[in-house]
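One-based numbering, in listed order, for ligands and for the atoms of each. The basis for the numbers below is simple: all heavy atoms, side chains too, and nothing from hydrogens, waters or symmetry mates.
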Amino acid sequence: MSGENCFNVLDKIFVPKNKKPIEEIKGYTMKYGNIVENGNIVDEVLVSYFKAPKSYTTENMCEINSHGGNIVVKKILELCLKNGADLAEPGEFTKRAFLNGRIDLLQAESVIDVINAKSEREAKTGIKQLEGFLSKKIAEIKQEIMDVMVNIEVDIDYPEYDVEEVTNKQISEMLDSVQSKLEKLEKSFDNGKIIKEGIKTVIVGRPNAGKSSLLNAILKEDRAIVTQYEGTTRDTIEEFVTVNGIPLKLIDTAGIREAKDEVEKIGIEKSREMTKEADLVIAIFDASEELTKEDLEILDLIKDKKTIIILNKNDLEQKIDENDERLRKVSSSIIKISALNKTGIEDIYDEISKLFNLNEINLDQEVVITNIRHKNLIDKAIDSVKKAKETMEQKMPSDIIAIFIKDILEDLGNITGEVVTDDIIDEIFSKFCLGK
Ligand code: GDP
């Protein structure tokens, strides 16, 4: 419970073993006792106390730790509600932390990211954001704009004062610098998206090339963490796997598994559909046989995609190799493996890291944008910078230029939530689960 009166509600339902009055209880302590209703014990509990302003929401807060289980928890909740508490909306605790100024909107959003993280890397990015990494970066950029803006404003409002005139050179240097910083942030979104959503990957190949063997080799990696999702299109399943620190979102792995018995199921048409939305195609060929007509069709299908070509079954006598022009034409990433013996699998991971510059994502130093809302606002801010530059080129008066510069500040303020509207706040917090 959070709020000015939460201790009053607690007082009505909780009897601590040592009957210390609530005002003597210090924050960051726990008390042992019973939740009671009409003199009857409901459960034996521990209650943690947080006193304003030193709490998650900055309000008075308490947390009841009961034995758990549906019935008792529900009963305690009912008692709280009956004695004056209201049920929290999704994300309400974090929302209050934001509205009470303890964290900014960016940090609030990163709470969801941390909770929903599917990989260690994603959780790490979320934590960095929670620490205020991106907020600081945005604040720096804003300060740079403000320094110039203040002088422009003085110029406009008090032309009679002899303040040092802001030169066009100063303004355009500031705009250049701000633009390059924003573009760097914007670019980081590609990496951010990979961290958050994984590299959308499909494995294609004709029947018996070794798709399911490769899939098994990947999924059976010691450190593979697998989470299954409903795919975006009906009857596909997406699997989120982190192998060697690489987040992969494997599309329609179920299709590959099912196809074992019904070979025709995963024909060219289906591959065409699947490859369309993929960031990465892993095309697997049976190197112990000549390329078939179907292999050539697959090669044609993927020629414009980011592709890794796998020559499988290198434990058998080889009929095709990496110098084959028909393969090289499609991709220079050609890797020989034996899915059966699980050799060469590491090389695939190295190649993926190379193709997606994963080794360059240095989470300890770089600020990475992972949220589409932030990306859109940064795009918008870049547009405003460009517009401000245009107005300068057209030799517009400084009060017009100032309007566009204010737009940049507003776009940036929207990211951290200083000037954000209620609708946006509601939308952001509605993505939270209850009790967060
Ligand atoms: P899919 O139809 O593309 O999913 O292919 P599978 O993974 O089911 O493999 C087809 C057959 O090839 C199976 O009998 C596998 O045991 C065999 N196979 C797969 N990979 C290798 C390999 O690297 N070497 C050898 N010798 N056989 C393999």
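Between Ser338 and ligand 1, an N or O atom pair is found at a separation short of 3.5 Å. For ligand 1, the polar-atom distance check finds an N/O of Gly210 within less than 3.5 Å of one of the ligand's N/O atoms. The shortest N or O to N or O distance between Ala339 and ligand 1 is under 3.5 Å. Backbone and side-chain nitrogen or oxygen atoms of Asn341 are examined, and none is located within less than 3.5 angstrom of a nitrogen or oxygen of ligand 1. Residue Pro207 has no N or O atom closer than 3.5 Å to an N or O atom of ligand 1.
Short contacts between ligand 1 and Lys211, defined as distances under 4.0 Å to a heavy atom of the residue, involve ligand atoms 1 (P), 2 (O), 3 (O), 4 (O), 5 (O), 7 (O). For ligand 1, the atoms lying closer than 4.0 Å to a non-hydrogen atom of Arg206 are 3 (O). Annotation for ligand 1: atoms under 4.0 Å from non-hydrogen atoms of Leu316 are 26 (N). Residue contact check: Asp315 has heavy atoms under 4.0 Å from atoms 22 (C), 23 (O), 24 (N), 25 (C), 26 (N) of ligand 1.
A side-chain donor from one of Gln179 and Lys389 sits under 3.5 Å from a side-chain acceptor of the other. Asp407 and Ser384 share no side-chain donor-acceptor pair at under 3.5 Å. Side-chain atoms of Asn414 and Glu410 form no donor-acceptor pair, as typed in the model, at a separation below 3.5 Å. No hydrogens or angles considered: a donor-acceptor pair under 3.5 Å links the side chains of Thr416 and Glu418.
With a 4.5 Å cut-off on side-chain heavy atoms, Phe356 and Leu280 count as touching.
At a heavy-atom cutoff of 4.0 Å, ligand 1 is contacted by no atom of Leu215, backbone or side chain.
Between Phe50 and Tyr28, the ring planes are perpendicular. Angles over 60° get that label, and only those under 30° would be called parallel.
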Run the side-chain contact (heavy atoms from CB on, under 4.5 Å) check on Ser331 and Ile308 step by step: do they pass?
CA-CA 7 Å; Ser331 168; Ile308 296 180; 5.8 Å; no
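Distances shorter than 4.0 angstrom occur between a heavy atom of Ala209 and an atom of ligand 1.
In this structure a side-chain-to-backbone donor-acceptor pair under 3.5 Å is present from Gln318 to Lys313.
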